[in-house]
Novice: 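Structure in structure tokens, see below.
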There are 2 protein chains.
Amino acid sequence: MANSQNSNTMKEKTALPTVGSPVRGSESGQPIMVLFDLLGRRWAMGILWGLSGSNRTFRDLQTHCGSASPSVLNTRLKELRAAHLIEKAADGYSLTEDGRALFKHLEPLGDWAKDWAPTLSNKSDL
Amino acid sequence: MANSQNSNTMKEKTALPTVGSPVRGSESGQPIMVLFDLLGRRWAMGILWGLSGSNRTFRDLQTHCGSASPSVLNTRLKELRAAHLIEKAADGYSLTEDGRALFKHLEPLGDWAKDWAPTLSNKSDL
DNA sequence: AAATTTGCTACTAAATTAGTAGCAAAAGTA
DNA sequence: TACTTTTGCTACTAATTTAGTAGCAAATTT
């Protein structure tokens with residue numbers, strides 16, 4: 001299959017967030033904001049979530065992520081790889097050590113969200 | 001000042017994420033994805049972060065959030081209020097109980113990010 | 001009662017994402 | 001070996017979201 005991505009194929013418009021530089025959503029360039037910029041991009045967290053269970057191929061991720069268009073999915077995969085949160089394994093994409101560590105912190109949010117989410121429909125007053 | 005926002009002034013195009021319905025970034029409508037959709041929107045996490053220290057007025061948030069344009073900031077504030085994560089107090093916007101609980105889970109990410117972020121510049125190979 | 005500050009709304013431009021089509025390399029099959 | 005299917009993308013246009021600027025009315029301060 002076409003693994004045509006060599007080191008400098010990424011002709012992105014969107015800069016990868018880096019420490020010390022202003023990122024989308026913050027001028028500070030503080031680590032937490034860099035992280036938030038990255039994770040805030042569409043499908044980013046969904047990908048991490050999807051890979052937490054098992055490795056997945058591109059096509060696999062595509063269907064798992066509902067309807068993610070290949071262009072966005074691929075862009076996000078590149079970014080997450082550049083951020084060393086995911087990597088390519090023999091059987092598809094997988095979380096790196098860093099990615100797994102991050103997921104550990106993200107996971108509790110899932111449980112919290114289960115309690116929180118229902119209140120949206122109930123208390124909703126806007 | 002103009003508190004012209006009565007219950008149904010929100011003529012948004014973007015739907016507020018709710019449980020059970022597909023959200024941006026996921027078709028599942030699972031709580032965690034609803035949360036991610038909400039938090040993933042530009043400035044959302046930055047606002048929570050900003051309010052975690054102290055209450056802030058609209059204008060205050062604007063400067064704190066770097067350069068957030070009033071339109072986006074206001075949209076986000078409405079969404080976060082609808083999600084019961086923030087609310088209006090006498091001295092500006094503040095986190096609700098839910099918001100504070102969520103922040104408790106988000107906070108550790110800040111520490112983790114401090115260790116992770118530097119590796120971006122070092123290991124970067126894309 | 002001015003002057004200033006606050007909390008927005010409105011509008012246009014720029015950036016990001018969605019969505020569809022398609023193709024070359026790899027893998028599987030006969 | 002030749003053929004078929006699957007995988008991993010790239011390219012392109014349309015739709016949606018965000019940025020950015022201007023401005024105004026209510027509240028607050030002087």
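The basis for the numbers below is simple: all heavy atoms, side chains too, and nothing from hydrogens, waters or symmetry mates. Every chain is numbered from 1, with letters handed out A, B, ... down the list of sequences.
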Novice: Which nucleotide sits closest to the side chain of B:F58: C:dC8, D:dT18, D:dC9?
Specialist: C:dC8
Novice: I want to confirm an ordering. Mapping B:D60 and B:S71 to their closest nucleotides on DNA chain C, which one lands closer to the 5' end?
Specialist: B:D60
Novice: Rounded to whole Å, please give me the gap between CG in A:L77 and P in C:dT17.
Specialist: 13 Å
Novice: From the list C:dT9, D:dT18, C:dT20, which nucleotide is the closest neighbour of the side chain of B:P70?
Specialist: C:dT9
Novice: Please state how far atom CG in B:D91 lies from atom C1' in D:dT28, giving the value in whole angstrom units.
Specialist: 15 Å
Novice: Any side-chain to backbone donor/acceptor pair from B:T96 onto B:H84? Under 3.5 Å, distance only.
Specialist: yes
Novice: For A:R59 and for B:R59, find the nucleotide of DNA chain D with the closest heavy atom, then tell me which residue's nucleotide is more 5'.
Specialist: A:R59
Novice: Please report, rounded to the nearest Å, how far the C1' atom of C:dA18 is from the CG atom of B:D37.
Specialist: 14 Å
Novice: Test: side-chain hydrogen bond (donor to acceptor under 3.5 Å, both in side chains). Region: residues 44-59 of chain A. Which pairs qualify, not counting sequence neighbours?
Specialist: A:N55-A:D91, A:R56-A:H64
Novice: Side chain of A:R76, heavy atoms from C-beta onward: which of D:dG8, C:dT17, D:dA19 has the nearest atom to it?
Specialist: C:dT17
Novice: Would you call B:K104 and B:E107 a salt bridge, taking side-chain N to carboxylate O under 4.0 Å as the test?
Specialist: no
Novice: Considering only C:dG19, D:dT17, C:dC8, which nucleotide approaches the side chain of B:K88 most closely?
Specialist: C:dC8
Novice: If I take atom CD in residue B:Q62 and atom P in nucleotide D:dA22, what distance separates them, rounded to the nearest angstrom?
Specialist: 14 Å
Novice: Looking at A:K78, I'd like to know whether one of its side-chain N or O atoms comes within less than 4.0 Å of OP1 or OP2 on D:dG8.
Specialist: no
Novice: Is the distance from OP1 or OP2 of D:dC9 to the nearest side-chain N or O of A:Y93 less than 4.0 Å?
Specialist: yes
Novice: Could you tell me whether a side-chain N or O of B:W116 sits under 3.5 Å from a main-chain N or O of A:L85, the two making a donor and an acceptor?
Specialist: no
Novice: Rounded to whole angstrom units, what separation is found between the CG atom of A:L73 and the C1' atom of C:dT17?
Specialist: 12 Å
Novice: Taking CH2 from A:W43 and P from D:dT16, how many angstroms apart are they, rounded to a whole number?
Specialist: 17 Å
Novice: Tell me whether the side-chain N/O atoms of B:R42 come closer than 4.0 Å to OP1 or OP2 in D:dT17.
Specialist: no
Novice: Using atom CG of A:L61 as one end and atom C1' of D:dT6 as the other, report the distance to the nearest whole Å.
Specialist: 16 Å
Novice: Can you sort out the partners of A:A101 under side chain to side chain contact (heavy atoms under 4.5 Å, CB included), two or more places apart, ordered by chain and number?
Specialist: B:W112
Novice: Which nucleotide, C:dT20, C:dT9, C:dT17, lies nearest any side-chain atom of B:N74?
Specialist: C:dT9
Novice: Between C:dT17, D:dT7, D:dA19, spot the one nearest the side chain of A:R41, thanks.
Specialist: C:dT17
